A.B. asks: 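What follows is a single structure, and I will ask about it in a moment.
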Number of protein chains: 2
Amino acid sequence: MSEINKVTIVGGTHGNEFTGVYLVKKWQQQPAEVTRSSFTTSTLWANPKAHEQNKRYCDQDLNRQFTRAQLDDVNLVGYEQSRAKIIDAELGPKGDAKCDFVIDLHTTTSNMGPCLLLTQQGKIYRQLAAYVKMQMPEAVIFRDEDHLSAAQHHLLATVGTYGVIVEVGPVPQSVIRQDVLEQSAELTRHILDFIEHCNLGTLPTLPQQVEGYRYLESIKLPVDANGQRLGMVHNHVQDNDFKPLHPGDPLFMTFAGETITYQGADTVYPAFINEAAYYDNNLAMSLLEKVVIDVE
Amino acid sequence: MSEINKVTIVGGTHGNEFTGVYLVKKWQQQPAEVTRSSFTTSTLWANPKAHEQNKRYCDQDLNRQFTRAQLDDVNLVGYEQSRAKIIDAELGPKGDAKCDFVIDLHTTTSNMGPCLLLTQQGKIYRQLAAYVKMQMPEAVIFRDEDHLSAAQHHLLATVGTYGVIVEVGPVPQSVIRQDVLEQSAELTRHILDFIEHCNLGTLPTLPQQVEGYRYLESIKLPVDANGQRLGMVHNHVQDNDFKPLHPGDPLFMTFAGETITYQGADTVYPAFINEAAYYDNNLAMSLLEKVVIDVE
């Protein structure tokens with residue numbers, strides 16, 4: 001791995017996730033907390049307009065606009081599609097980026113605790129995962145669609161050479177919780193410390209393996225022929241992010257009072273359970289498998 | 001108390017409080033659950049347009065538009081100001097209402113559990129409080145600005161002769177939780193049963209006294225001279241709705257890391273702690289006093 005010279009911490013990619021907005025504002029005023037000796041740290045408030053409107057986004061989800069093809073498509077002229085091009089010019093261009101490492105701050109309404117989302121495979125990510133788990137054992141390592149190439153990945157964090165998402169919950173949209181804000185700040189500090197250790201060659205001895213979860217698929221709420229929702233996430237699943245869901249377990253409760261069970265063949269581990277932002281597409285949760293990551 | 005002939009259950013007064021919207025839709029399809037022998041029950045989806053936009057309101061908070069003066073002011077022409085006039089024509093006119101009893105369904109992001117909000121004083125409310133506590137001991141009785149006359153009260157629930165709010169949390173905005181939906185439905189059922197018992201003269205023997213909380217005032221987040229927020233609700237208070245807050249207890253944590261303590265003279269009981277919808281006005285929470293309600 002070559003040296004990391006430029007790190008950017010991004011907040012407010014989603015306008016109603018207040019935690020990242022306030023952390024970025026704080027670190028703009030008090031940069032010492034995110035300053036390290038071996039690289040420069042900058043901050044970026046990705047979507048102030050959506051925050052002003054107290055919405056996730058104005059026109060499109062900004063965190064779905066960063067495939068190389070989307071960035072190159074001049075016909076994509078929506079507000080967030082335009083913001084993505086500007087951020088690509090600022091931090092990228094994706095594929096040959098000025099920014100070496102992007103940390104994008106997000107929150108969720110789901111009970112996921114502090115999560116480190118890895119968008120790519122590679123030794124630096126495996127070592128980061130191991131380092132973070134050493135420093136913050138309660139953190140969860142989440143491998144998010146890391147089968148895609150960076151060019152195909154639509155997340156903002158993939159605009160730099162390396163990139164991760166700090167994803168912490170539960171917190172309602174448009175709310176700041178002290179606990180979630182502090183967990184987000186702590187996880188960010190560990191990532192910055194890891195990069196510093198890498199640059200200086202001072203990484204401590206890491207464990208050989210670390211536990212994580214790998215994204216498999218998203219599943220939808222039950223809907224009728226007109227797309228009207230017929231039910232909700234079952235109490236059995238609600239708040240149980242990263243807990244096992246076995247074939248035959250209760251999954252949804254219809255408004256008529258019937259339980260719908262999980263029909264998959266294997267035990268899976270849900271996350272983003274009942275996330276508010278996913279209602280737009282009737283997504284109920286993501287399903288993950290538990291994995292062991294070999295660090296070396 | 002004269003007989004209650006017409007009851008209206010209102011949902012979706014706030015567009016991003018999904019629970020009431022889905023309960024009203026359900027009861028429109030399955031009216032048996034809210035039907036009783038001695039009165040008619042109708043349902044009203046108060047603000048479908050705000051729900052379509054996934055916002056609390058389009059122009060103004062609909063649940064602040066129901067003073068008699070506002071309803072009579074033809075110069076108030078915003079969307080919710082107009083909806084209020086239409087609802088007044090449908091259920092009111094306030095002060096001489098067609099609807100005898102309004103049950104308005106709300107949710108909160110705060111950890112308030114199932115709450116019955118009483119907007120007026122009077123024997124029927126005291127008896128209702130006692131009956132609800134008998135049937136659902138975990139329910140909280142919340143006397144909300146009941147020093148105002150009905151004409152001065154701006155809440156939708158005051159448009160009928162009698163009216164209460166069913167307020168349940170915690171649930172993020174734009175989310176349906178099975179537990180919160182079921183608590184809302186249960187509390188509504190007890191209110192309907194109470195009205196049925198009143199009409200039929202079959203009320204069970206009620207306790208002589210019932211515990212509740214009475215609204216005192218709302219307090220604001222710390223802000224600077226430009227109105228920018230300087231801090232957040234302290235971990236010590238977060239999620240501790242209806243728990244005592246003593247003079248000198250931690251109240252806010254500034255983003256700079258300083259604790260701000262509660263400076264009031266008396267122990268109070270906060271509610272609506274860190275409610276998402278109150279950020280617009282920088283309201284941090286409501287303060288209440290614990291009261292004993294003499295039922296007779």
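The sequence lines fix the lettering, A, B, ..., with proteins before strands; numbering per chain opens at 1. Hydrogens, waters and symmetry mates play no part in the numbers below; they use all other heavy atoms, side chains included. Note that the coordinates shown come from a computational prediction; the quantities given were computed from them, not determined experimentally.
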A.B. asks: Please report the interatomic distance CG(Asp144(B)) to SG(Cys115(B)), rounded to the nearest 0.5 Å.
C.D. replies: 10.5 Å

A.B. asks: Report yes or no: does Gln81(A) contribute a side-chain atom to a donor-acceptor pair with the main-chain N or O of Val77(A) at less than 3.5 Å?
C.D. replies: yes

A.B. asks: Can you tell me how far the CG atom of Leu76(A) sits from the OG atom of Ser82(A), to the nearest 0.5 Å?
C.D. replies: 9.0 Å

A.B. asks: Under a 4.5 Å cut-off applied to non-hydrogen side-chain atoms, are Leu251(A) and Leu245(A) in contact?
C.D. replies: yes

A.B. asks: Can you say whether Tyr279(B) sits under 4.5 Å from chain A via the side chain, the backbone, both, or neither, judging by heavy atoms?
C.D. replies: side chain

A.B. asks: Give, for atom NZ of Lys220(B) and atom CG of Leu283(B), the distance between the pair rounded to the nearest 0.5 Å.
C.D. replies: 6.0 Å

A.B. asks: Would you compute the distance between atom CG of Leu62(A) and atom CG of Leu155(A) and round it to the nearest 0.5 angstrom?
C.D. replies: 10.5 Å

A.B. asks: Could you give the distance from CG (Leu187(B)) to CD1 (Ile191(B)), rounded to the nearest 0.5 Å?
C.D. replies: 4.5 Å

A.B. asks: Can the ring centres of Tyr215(A) and Phe142(A) be said to be less than 6.0 Å apart?
C.D. replies: no

A.B. asks: I'd like to know if the side chain of Ser37(A) pairs up with that of Glu196(A) as donor and acceptor (distance under 3.5 Å, no hydrogens or angles considered).
C.D. replies: yes

A.B. asks: Val268(B) vs Leu288(B), test: side chain to side chain contact (heavy atoms under 4.5 Å, CB included). Steps then yes/no.
C.D. replies: CA-CA 6 Å; Val268(B) 289; Leu288(B) 296 84; over 6 Å; no

A.B. asks: Would you say Thr108(A) and Glu167(A) are linked by a side-chain donor-acceptor pair, where the criterion is simply a distance under 3.5 Å?
C.D. replies: no

A.B. asks: With chain B, which of Thr109(A), Asp239(A), Val233(A), Asn235(A) has the greatest number of heavy-atom pairs at distances under 4.5 Å?
C.D. replies: Asn235(A)

A.B. asks: Residues of residues 10-26 of chain A under 4.5 Å from chain B (heavy atom pairs)?
C.D. replies: Phe18(A), Tyr22(A), Lys25(A), Lys26(A)

A.B. asks: Report the distance from atom CG of Leu216(B) to atom CG of Leu287(B), rounding to the nearest 0.5 Å.
C.D. replies: 7.0 Å

A.B. asks: Measure from the side-chain N and O atoms of Thr261(A) to the backbone N and O of Asp249(A), and report whether any donor-acceptor pair falls under 3.5 Å.
C.D. replies: no

A.B. asks: Are the aromatic ring centres of Tyr213(A) and Tyr269(A) under 6.0 angstrom apart?
C.D. replies: yes

A.B. asks: Given that the side chain runs from C-beta out, which part of Glu182(B) has a heavy atom under 4.5 Å from chain A: side chain, backbone, both or neither?
C.D. replies: side chain

A.B. asks: When you measure from the side chain of Asp241(A) to the backbone of Ile273(A), do you find a donor-acceptor pair of N or O atoms at a distance under 3.5 Å?
C.D. replies: yes

A.B. asks: Under the criterion side chain to side chain contact (heavy atoms under 4.5 Å, CB included), I'd like the reasoning laid out for Arg189(A) against Arg36(A): C-alpha separation, chi angles, the key distance, then a yes or no.
C.D. replies: CA-CA 10 Å; Arg189(A) 283 197 304 271; Arg36(A) 299 294 183 275; 4.1 Å; yes

A.B. asks: Set out, in order, the CA-CA distance, both residues' side-chain angles and the distance that settles side chain to side chain contact (heavy atoms under 4.5 Å, CB included) for His106(A) and Asp104(A), then state yes or no.
C.D. replies: CA-CA 7 Å; His106(A) 286 260; Asp104(A) 191 18; 2.7 Å; yes

A.B. asks: Report which part of Ala277(A) has an atom under 4.5 Å of a heavy atom belonging to chain B: side chain, backbone, both, or neither.
C.D. replies: neither

A.B. asks: How would you list, in number order, the residues of residues 221-232 of chain B that have a heavy atom less than 4.5 Å from chain A?
C.D. replies: Gln228(B), Arg229(B), Met232(B)

A.B. asks: Which residues from residues 171-181 of chain A are near chain B, with near meaning under 4.5 Å between non-hydrogen atoms?
C.D. replies: Pro172(A), Gln173(A), Ser174(A), Val175(A), Ile176(A), Arg177(A), Gln178(A), Asp179(A), Leu181(A)

A.B. asks: Side chains of Glu186(A) and His190(A): is there a donor and an acceptor less than 3.5 Å apart?
C.D. replies: yes

A.B. asks: Mind checking which of residues 42-61 of chain B sit less than 4.5 Å from chain A, heavy atom to heavy atom?
C.D. replies: none

